[in-house]
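Values below: all heavy atoms of this structure, side chains included; hydrogens, waters and symmetry mates excluded. Atoms within a ligand are numbered from 1 in the order they appear, just like the ligands themselves.
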Amino acid sequence: MAPNPPTAAPTAGQGTSRKVRSGSGRRAQDRVPGRPVVSVVIPTFNEASNLPVLVRRLENVLNKIPYELIVVDDNSPDETWKVGQELAEENRHIKVIRRMDTRGLSSAVMAGFAIGQGETLAVLDADLQHDERILPELINLVSQGDADMAVGSREVDGGSYGNFAPHRRFISWGGAQLARTMLGVSVADPMSGFFVLSRERYESVVASVNPRGFKILLEFLANGPKPQVAEVGYTFRDRIHGTTKLTSSVAASYLLALMELSFGRFVTATFSAYALVGILGLMIRLSIEAAGTAIGVSAAAIIALEVSIISNYGFNNVFTFAPYRHRGPSVISGLIKFHLVAGYGLIVANGVQSYLAQRTPDTLLWDLLSLIGGVLIATVGNYLLNCSITWKVLRS
Ligand code: GDD
Ligand code: MN
């Protein structure tokens, strides 16, 4: 592997609008005694063969910096948590969180940050793709007050994507473009999963972080006051053991998280996606019904309704509720629940519609408005029921 002399590039842009700290930054005497300089969070899912190698490398590069390592494992089938616990027995600076009831990269990172005692909070992947040799530099940039956040970057001098597959590179590039245009983030590699935060930055943003999705760095860049960001180049390495967890459903939840970050919380992205799927389903239903009636199928309306319910379920399952996606046999029970909710929705929509139609003038306009009123109320009700019953979305 070619050695990669890391270069610092404190970026213009992010920080230009606001000087975050006026003094000369942090000094040794500001330190709280006994508090590590850095808490390094390592999210893991099936990384049993990578974790010991990473921990050994971190112990080496951090030999001059008081640290703690926090492994956050989502009860990996390959028992990464156990490997972590064994490492923790030899090094008291290692902690392991084993989460039994949730999965997800961003929420894992947040769980690690939440217990981190460090003056700065860092995160890097367990699979050795991030070059841990630049970690001390990232930590120093933040702990000395030169930046609120320091990002390991593949897009600045000294950085590269290495042998990253072209299509993955494209996804990363596309995600970065979206982040730049939608969120006004000017960091060169906002898709990086390798960064360090000051405790102040963490505290000022933590309450607004949406732990869904893959891109926790974006949350810390886009929420709160504009941070001062430094980027340090490194070469993204190949994964040797295990496989990536970035799947199409992860990409879908990335899109949803972006929508939510940019449109705010009033209309949540999940609801927008749900409504879009509903409109698509209505179009499917109307076209099948029209086509069926035209060729004389007597059950056209029922068939059209059933097809649209099934297709709505499918789109909602893979897109709207991607993080809670049903797989295998649970698709059957999901589909049954979705039908029950849809049936309830049809009753509500019809009820509201006729209630409104009876109490408004008997014109086409008011009939149409009554129909829309019924559909809107039923849609909101169905959405909440599907969130709670069908996909069991638990949001804190
Ligand atoms: N606890 C937990 N729970 N950890 C997870 C989960 C999860 O559900 N999913 C992934 N991880 C861990 C992995 O074990 C690994 O340590 C790290 O998070 C990154 O996951 P990968 O699956 O290796 O991601 P990637 O290599 O495909 O994606 C990389 O490239 C992206 C695009 O540029 C990462 O570096 C991303 O951060 C980066 O944005
Ligand atoms: Mn990886």
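In summary, no N, O or S atom of Asp125 is located under 2.8 Å from the Mn ion (ligand 2).
Ligand 1 places these atoms under 4.0 Å from at least one heavy atom of His130: 35 (O). In the vicinity of Glu47, heavy-atom distances shorter than 4.0 Å reach the ligand 1 atoms 13 (C), 14 (O), 15 (C), 16 (O). For ligand 1, the atoms sitting less than 4.0 Å from at least one non-hydrogen atom of Arg239 are 21 (P), 22 (O), 23 (O), numbered in the order shown with element in parentheses. Within ligand 1, counting atoms from 1 as listed, the ones closer than 4.0 Å to a heavy atom of Ala108 are 1 (N), 2 (C). Residue Arg168 approaches ligand 1 through these ligand atoms, each under 4.0 Å from one of its heavy atoms: 25 (P), 27 (O), 28 (O), 30 (O), 31 (C), 32 (C). Close contacts of ligand 1 with Gln129, meaning ligand atoms under 4.0 Å from a residue heavy atom, involve 23 (O), 26 (O). Close approach to Asp127 involves these atoms of ligand 1, each under 4.0 Å from a residue heavy atom: 23 (O), 26 (O). Close approach of ligand 1 to Lys215 is summarised as follows: ligand atoms under 4.0 Å from at least one heavy atom of the residue are 36 (C), 37 (O), 38 (C), 39 (O).
Side-chain polar atoms of Trp81 and Asp74 form no donor-acceptor pair below 3.5 angstrom. Side chains of His93 and Glu59: a donor-acceptor N/O pair is absent below 3.5 angstrom, by distance only. For the residue pair Asp73 / Thr44, a side-chain donor-acceptor distance below 3.5 Å is found, with atom types taken as modelled. For the residue pair Gln129 / Asp238, no side-chain donor-acceptor distance below 3.5 Å is found, with atom types taken as modelled.
At least one N or O atom of Val72 sits closer than 3.5 Å to an N or O atom of ligand 1. Here's the thing with Phe236: none of its N/O atoms is less than 3.5 angstrom from an N/O atom of ligand 1. On a distance-only criterion, Thr44 and ligand 1 share at least one N/O pair closer than 3.5 Å. Looking at ligand 1, you'll find an N or O of Arg103 within less than 3.5 Å of one of its N or O atoms.
Heavy-atom proximity to atom 12 (C) of ligand 1, evaluated over Pro43, Ala126, Gly193, is greatest for Pro43. Proximity annotation for atom 17 (C) of ligand 1: of Leu218, Asp125, Val123, Asp125 comes nearest, heavy atoms only.
Exactly one residue among Val151, Val232, Leu135 makes a side chain to side chain contact (heavy atoms under 4.5 Å, CB included) with Phe194. That residue is Leu135.
To the nearest 10 degrees, the angle centred on the Mn ion (ligand 2) between OD2 in Asp127 and OE1 in Gln129 reads 90°.
In this pair, His130 and Phe236 present their aromatic rings tilted. The plane angle is within the 30 to 60° band. Between Trp391 and Tyr313, the two ring planes are parallel [angle under 30°; tilted spans 30° to 60°].
The shortest heavy-atom contact between Gly112 and Ile70 is O-CD1, 3.6 Å. Here the closest non-hydrogen pair linking Thr379 and Tyr274 is O-CE2, 3.8 Å.
Under 4.0 angstrom from ligand 1, the non-hydrogen atoms of Ser172 all belong to its side chain. The residue Ile42 has no part lying near ligand 1, judged by heavy-atom distances below 4.0 Å. Residue contacts with ligand 1 for Arg154 involve side-chain atoms from C-beta outward but no N, CA, C or O (heavy atoms, distance under 4.0 Å).
Taking a cutoff of 4.0 Å between a charged side-chain nitrogen and a carboxylate oxygen, Glu79 and Arg98 do not qualify as a salt bridge. Ion pairing of Arg35 with Glu119 is absent here, as no side-chain N (NZ or NE/NH1/NH2) approaches a carboxylate O to less than 4.0 Å. Salt bridge Arg237/Glu132: present, at least one basic N to carboxylate O contact under 4.0 Å.
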